Each structure stands twice: as C-alpha cells, then as structure tokens.
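Worksheet: one structure, shown below.
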Number of protein chains: 2
Amino acid sequence: MAQLPSPHRPNLLDQLSPREREILPLVAQGKDNREIGSILFISEKTAKNYVTSIRKKLGLKNRTQIALFALKEGIINLDDTID
Amino acid sequence: MAQLPSPHRPNLLDQLSPREREILPLVAQGKDNREIGSILFISEKTAKNYVTSIRKKLGLKNRTQIALFALKEGIINLDDTID
DNA sequence: TTCTTCTGGTACATGATATGAACGAGATGG
DNA sequence: CCATCTCGTTCATATCATGTACCAGAAGAA
C-alpha cells in the first residue's frame, strides 16, 4: 500500500511561509545550511533562520526530527535522498 | 509491497561494533547526545564519539543522513518515532 | 601478549540554535 | 494621504550542540 501523506491535524504545514516550504525538504534530505543557501541563492545565515523558524512552528527539536516529520507527511520520499 | 530492509552492498552494518549498533537507532530517532548518554548510561562525550565513528564508517555527513540511512535499511521505522 | 571493544578525555573547527533587527509589501482605519 | 499593523524576507551576533582529530586506560577474547 502506498504511503499516503497523512492528512494530519490542523494543517501544520499551512503555518509555514512559501519560502519555509522551500527550505523544509532540503533540510529533510540532510543538507546543511551552507548547501541550502547555495541552492536557493541566499546566505547561510538566512537559511539558518528559516530552519529555526520551521523547527519552532512545527514544535521540533532538531534537523533530524524535521526529516522524520517530512517523511511522515510525505513531503519527501526516501528515494529522493542520495545516500 | 513491504519495505524490505535492503540487503545493501557489502554489508555496511557489519562494520559497526555492537555498541555502535545500539547507538545508531537512537541517533536516527532524532535524539541528541545528552539523551543517548542518559539512555545508555554513558557520558555525552562517549555518545558523541560513537556517533562520529558510526558516521565515518557509513560515509555520512551528519545525523540527519544517519536517520535517512537507518530508515532505508529498515533499522528503524517511522512509527517508532514520537513527533 | 596482541587485538578489539568500550569508555572517557582534551582541544579545536564547524554547524545549529536563540535572539534581534532592518526592510519592503500589503492591508486597514483614520 | 498617512499612520500603523502584520507578515515575509533577509542578514547579523552570541551561545550552544555537533563534528573532527586525536589520546589512553580497562576488560575480555584470541
């Protein structure tokens, strides 16, 4: 059976800004802030701030938990990652 | 189709010591070094050393990638995590 | 003994997190 | 029009967590 993105409670993702929704999958794929910055043409520091904002809005403690969340929500797929 | 733990190339997991195999799923569940230490009754520094050793043996860059690896290998399951 | 594992340590570099702030766009109410 | 309010985007500084590179002793197995 296909892993349906869980509908989830009051849509937690709607709390994220468009830019934050761009950052989220990159974090979840294990990319660090420097990589995210160069992908989106923003500074590492800005990327850092977005990750913090995402983490706070989602109530998570660190990047690894962001990745686990994104997988559960179907935002990213394990096949999308490299390693 | 059930997500079979991929047999993987020359078994990468066999390179890990027994203790490292205990640490791996904890890292993959998003726990920090302090938490891992208190769970296994070792110091945060020792936990840190194990994580470094695991990462090097598996050729990964950070904890998030360790989590993605563990999921692909079926070492942990998304349902095992809290968030 | 020799080897491996487990444990803890020091010292430093890099990455992540907390917090603040500047700026502009858009809405609102006067 | 103007003041203000909210939000998004951007970047910064300071502190904390993680990562890197070693070292070394204890315990047990080969």
Side-chain angles (χ1 to χ4, degrees), chain A residues 10-73 75-76 80-83, chain B residues 10-73 75-76 80-83:
Chain A
N11 228 334
L12 215 40
L13 287 176
D14 295 344
Q15 298 180 9
L16 301 185
S17 74
R19 197 55 157 168
E20 287 165 349
R21 278 189 283 266
E22 283 188 272
I23 308 277
L24 178 51
L26 300 177
V27 178
Q29 283 161 14
K31 295 180 171 27
D32 62 25
N33 293 324
R34 189 186 52 75
E35 290 175 303
I36 293 172
S38 67
I39 289 174
L40 297 180
F41 304 103
I42 57 179
S43 80
E44 170 187 349
K45 310 192 178 192
T46 300
K48 186 184 305 191
N49 288 333
Y50 280 121
V51 175
T52 296
S53 179
I54 291 168
R55 193 166 35 72
K56 287 175 74 172
K57 285 183 178 178
L58 299 181
L60 303 173
K61 286 182 61 178
N62 53 50
R63 297 181 163 240
T64 301
Q65 291 186 359
I66 291 178
L68 296 172
F69 173 86
L71 285 164
K72 286 182 181 176
E73 295 301 313
I75 296 167
I76 66 160
D80 298 335
T81 65
I82 305 179
D83 35 285
Chain B
N11 225 337
L12 215 39
L13 286 176
D14 294 345
Q15 298 180 11
L16 301 185
S17 74
R19 197 55 157 168
E20 288 164 349
R21 279 189 282 267
E22 282 188 274
I23 307 277
L24 177 51
L26 300 178
V27 178
Q29 285 164 11
K31 295 178 169 34
D32 63 24
N33 292 324
R34 189 186 51 76
E35 290 175 306
I36 294 172
S38 68
I39 290 172
L40 298 180
F41 304 103
I42 58 179
S43 78
E44 170 188 349
K45 309 191 178 191
T46 300
K48 182 187 307 190
N49 287 334
Y50 279 122
V51 175
T52 296
S53 179
I54 291 169
R55 216 189 33 259
K56 289 177 70 174
K57 285 183 177 178
L58 299 181
L60 304 173
K61 286 181 60 179
N62 52 50
R63 292 177 169 243
T64 301
Q65 291 187 0
I66 291 178
L68 296 173
F69 172 86
L71 284 164
K72 286 182 182 175
E73 296 300 314
I75 296 167
I76 65 161
D80 298 336
T81 64
I82 305 179
D83 37 285

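Please read these numbers as outputs of a predicted model, since none were measured by experiment. Proteins get letters first, then strands, A, B, ... in listed order; numbering begins at 1 in each.
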Should L12(A) and E73(A) count as side-chain neighbours, where that means a heavy-atom distance under 4.5 Å? no

May I ask you to decide if R55(A)'s main-chain N or O and R63(A)'s side chain share a donor-acceptor pair within less than 3.5 Å? no

Please answer whether the main-chain N or O of N49(B) pairs with a side-chain N or O of S53(B) as donor and acceptor at a distance below 3.5 Å. no

Mind calculating the distance between NZ (K56(A)) and P (dG20(C)) to the nearest angstrom? 9 Å

Set out, line by line, the N/O atom pairs under 3.5 Å between protein and nucleotides 16-19 of chain D.
| unit_1 | atom_1 | unit_2 | atom_2 | d |
| --- | --- | --- | --- | --- |
| dG19(D) | OP1 | R63(B) | N | 3.3 |
| dG19(D) | OP2 | R63(B) | NE | 3.0 |
| dG19(D) | O5' | R55(B) | NH1 | 3.4 |
| dG19(D) | O3' | R55(B) | NH2 | 3.2 |

Between N33(A) and A47(A), the two heavy atoms sitting closest are O-CB, 3.7 Å

Taking the side chain as C-beta and beyond, is there a heavy-atom pair between V27(A) and T64(B) under 4.5 Å? no

Quick one: are V51(A) and I66(A) in side-chain contact, heavy atoms under 4.5 Å? yes

Q29(B) side chain vs L26(B) backbone, donor-acceptor pair below 3.5 Å: no

Expected string for nucleotides 5-10 of chain C under the B/S/- scheme (protein heavy atoms, under 4.0 Å, primed atoms plus P, OP1, OP2 as sugar-phosphate) is -SBBBB

Under a 4.5 Å cut-off applied to non-hydrogen side-chain atoms, are Y50(B) and I36(B) in contact? no

